[in-house]
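Reminder, nothing fancy here: chain letters follow the sequence lines and each chain counts from 1.
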Amino acid sequence: MSSVIETRDVSKHYGEGDTLVKALDRVSLGIAPGEFTAIVGPSGSGKSTLLQLMGGLDNPTHGQVHLANKDITQMSGRELSDFRRDHIGFIFQAYNLIPVLTAAENCEYIMLLQGVPEAERRERVYAMLERVGLAGREGRFPHQLSGGQQQRVAVARAMVSRPNIILADEPTANLDSQTGSDLLDMMHDLNRNEGMTFVFSTHDPMIMERASRLIRLKDGCIDSESEREA
Amino acid sequence: MMMLKLAFRNILRNRRRTLLTVLSMAGGYLLVSVQLSVTEGSYDQVLDFYTRDTTGHVQVTVDGFVETPTLYKAFSLTDDLQQAIDALPGVQATAPRIESSALGYGDTRSFPVSVRGVDPEREAALSYLADKVSAGRYLSSEPDDQGYAGVMIGAQVARQLALDVGDELILVSQGADGSLANDLYRVQGIVGQPGDVEERWVVMPLAAAQSFFVLPGEVHRLVILGADYRSAPRLAERIGEMLPGQELTASSWQTVAREFHETMTADKEGGMITLYVIVFLVCIGVLNTVLMSVLERTGEFGVLKAIGTSPARLFWLIVLETLLLAVIACLLGGLIALPINLWFTLQGIALAEPMEISGIVFSHYRGQMSAYVFGFPMLVILIAAALIALMPAFRAARIVPVDAMRTL
């Protein structure tokens with residue numbers, strides 16, 4: 001099966017000479033459509049760096065990242081912004097919602113950038129917020145929502161623009177276990193029912209339990225890979 | 001609309017800082033607007049007085065007379081031409097003038113004088129000449145019962161020739177035909193005070209001057225008063241189009257009194273430096289605010305870029321926020337400046353010592369209510385705000401998402 005996203009010999013180095021740190025070293029992997037993949041490993045193993053490179057948030061020192069058959073490492077800042085807008089959904093550990101926009105506006109924002117007509121934006125936002133269990137809270141600002149609710153808004157924001165892939169960096173790290181579990185169930189449902197591709201960077205056992213594929217990183221290299229029936 | 005909403009909500013985040021920034025910009029606007037109002041009001045008074053009193057707004061002369069006035073550069077003023085100019089929209093008054101010099105004699109002394117031939121009625125409607133009579137009475141077109149033409153003389157002429165109202169004045173000069181011109185006149189009035197611009201003048205009726213200088217039916221200048229001294233160049237252009245022949249030209253007061261105009265313009269531009277200093281000081285404070293605001297939100301800008309906001313959109317968001325602050329500040333400043341400028345315009349500041357120029361008394365500094373007084377400071381502050389925002393906006397647009405998000 002062709003990959004949604006593929007890294008080819010990707011390395012990310014910081015510093016030089018004696019202070020050189022290899023955060024990632026020649027990592028090659030592909031993510032197939034519909035996967036629910038977890039990149040795991042101890043702190044400093046390079047999992048967040050890999051996710052950032054896959055999402056075009058940073059440039060690799062070496063190697064290529066292909067998304068939708070395009071090498072995103074060769075794109076300009078403007079092209080990358082547009083590409084992220086249209087093809088990638090991000091979920092961050094600290095939710096990272098825009099504090100001055102309501103839940104609905106946070107979700108609507110990306111579609112606004114995409115040029116989706118207002119009526120369609122509204123319809124999709126309200127449907128998605130209902131899907132993540134936030135019906136009736138569309139007009140609330142992030143500070144008026146709990147951590148779990150904010151992360152649900154972040155999931156809705158990532159999904160509503162219909163990206164090819166959703167990259168989630170430690171999405172449950174700031175949530176209590178029950179809220180984290182509920183959120184993961186919701187994302188797992190979206191994965192199974194709507195075929196949305198998820199890639200997580202995590203060391204949360206709850207995510208590992210649900211993942212269809214586990215990629216273990218150690219010292220910036222792929223240590224092992226395993227697939228299982230989720 | 002969403003970007004405007006985002007910008008507006010962003011500036012409301014830190015309300016105290018926004019309030020202080022808006023107040024500082026509004027204060028700058030207020031200072032600039034009030035100073036501009038008073039400056040423009042004062043210049044307006046001076047220029048309105050000067051043009052009305054001296055040059056009019058436009059003059060028709062023989063080509064070259066304005067630069068080098070001589071007795072011989074006179075032209076025949078037809079009734080048709082004068083009536084056509086009188087009928088132009090915005091023309092308030094027209095008055096012909098003859099100007100030359102002569103030697104004046106009193107009983108025992110002589111003194112060089114500047115002779116002005118004017119149409120008494122038309123001149124009174126155009127300039128302040130009739131208001132400057134300090135003794136005797138204003139000029140009359142008709143000779144007195146002994147057949148002498150009446151003249152008004154300047155205060156210095158009166159003192160040097162020991163003349164008073166009712167005395168005889170002899171003038172000797174050269175006629176335009178090369179003949180020796182001399183005649184006897186009756187002093188009908190004294191114009192102005194010693195030290196005034198008219199102190200060496202001898203003003204006589206136009207017909208008497210035409211006869212004295214042998215310029216039958218001719219004048220040196222046709223002075224025209226329009227609706228406003230500011231629109232003089234346009235009026236001059238329109239009058240120029242209707243002048244017969246090549247030898248006549250219509251010049252605005254800016255050309256006629258070139259040196260005066262250039263001095264006033266330079267003085268005005270000098271005053272603008274103070275205004276720009278005020279704006280500069282306000283800008284420093286605003287720059288600090290914008291930089292702080294951008295620095296605080298670096299992480300958020302990283303998120304905005306991560307989810308697909310283009311560098312250009314982020315750039316314009318910062319510029320938009322700063323412009324919004326500036327617009328609010330200008331509206332607030334305008335609201336405060338409005339009654340102040342209105343008071344300056346209607347009431348003004350009384351001068352400690354009223355200033356008298358040629359018998360006309362200036363007692364107040366007046367302001368001006370005009371679109372310029374309110375619009376120019378707004379334009380300067382909006383441009384300054386946009387310039388201030390450029391550097392922080394550029395920085396925000398260039399951030400690398402992953403680096404920026406580390407600050408969250």
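- If you tally non-hydrogen atom pairs under 4.5 Å between each of B:Val400, B:Asn10, B:Leu12 and chain A, the highest count goes to B:Asn10.
- Screening A:Leu24, A:Leu217, A:Val27 against A:Thr49 for a side chain to side chain contact (heavy atoms under 4.5 Å, CB included) leaves a single residue, A:Leu24.
- In this structure the side chain of A:Phe200 reaches within 4.5 angstrom of the side chain of A:Leu184, judged on heavy atoms.
- Electrostatic pairing of B:Glu321 and B:Arg13 does not count as a salt bridge here, judged by no charged N lying under 4.0 Å from a carboxylate O.
- Side-chain contact, B:Ser33 with B:Asn341: a donor N or O sits under 3.5 Å from an acceptor N or O.
- Using a 4.5 Å cut-off between heavy atoms, B:Arg398 makes no contact with chain A at all.
- With respect to the salt-bridge test (charged N to carboxylate O, under 4.0 angstrom), the residues A:Asp219 and A:Lys22 do not qualify.
- Judged by the 6.0 Å distance and 45° axis criteria, B:Lys268 is positioned over the aromatic ring of B:Tyr43.
- Residues of residues 95-109 of chain A having a heavy atom under 4.5 Å from any heavy atom of chain B, listed by number: A:Asn96, A:Ile98, A:Pro99, A:Val100, A:Leu101, A:Thr102, A:Glu105, A:Glu108, A:Tyr109.
- Residues B:Asp228 and B:Ser231 have side chains that never bring a donor and an acceptor to within less than 3.5 angstrom of each other.
- Among B:Val402, B:Leu6, B:Leu304, B:Asp403, the residue making the largest number of heavy-atom pairs under 4.5 Å with chain A is B:Val402.
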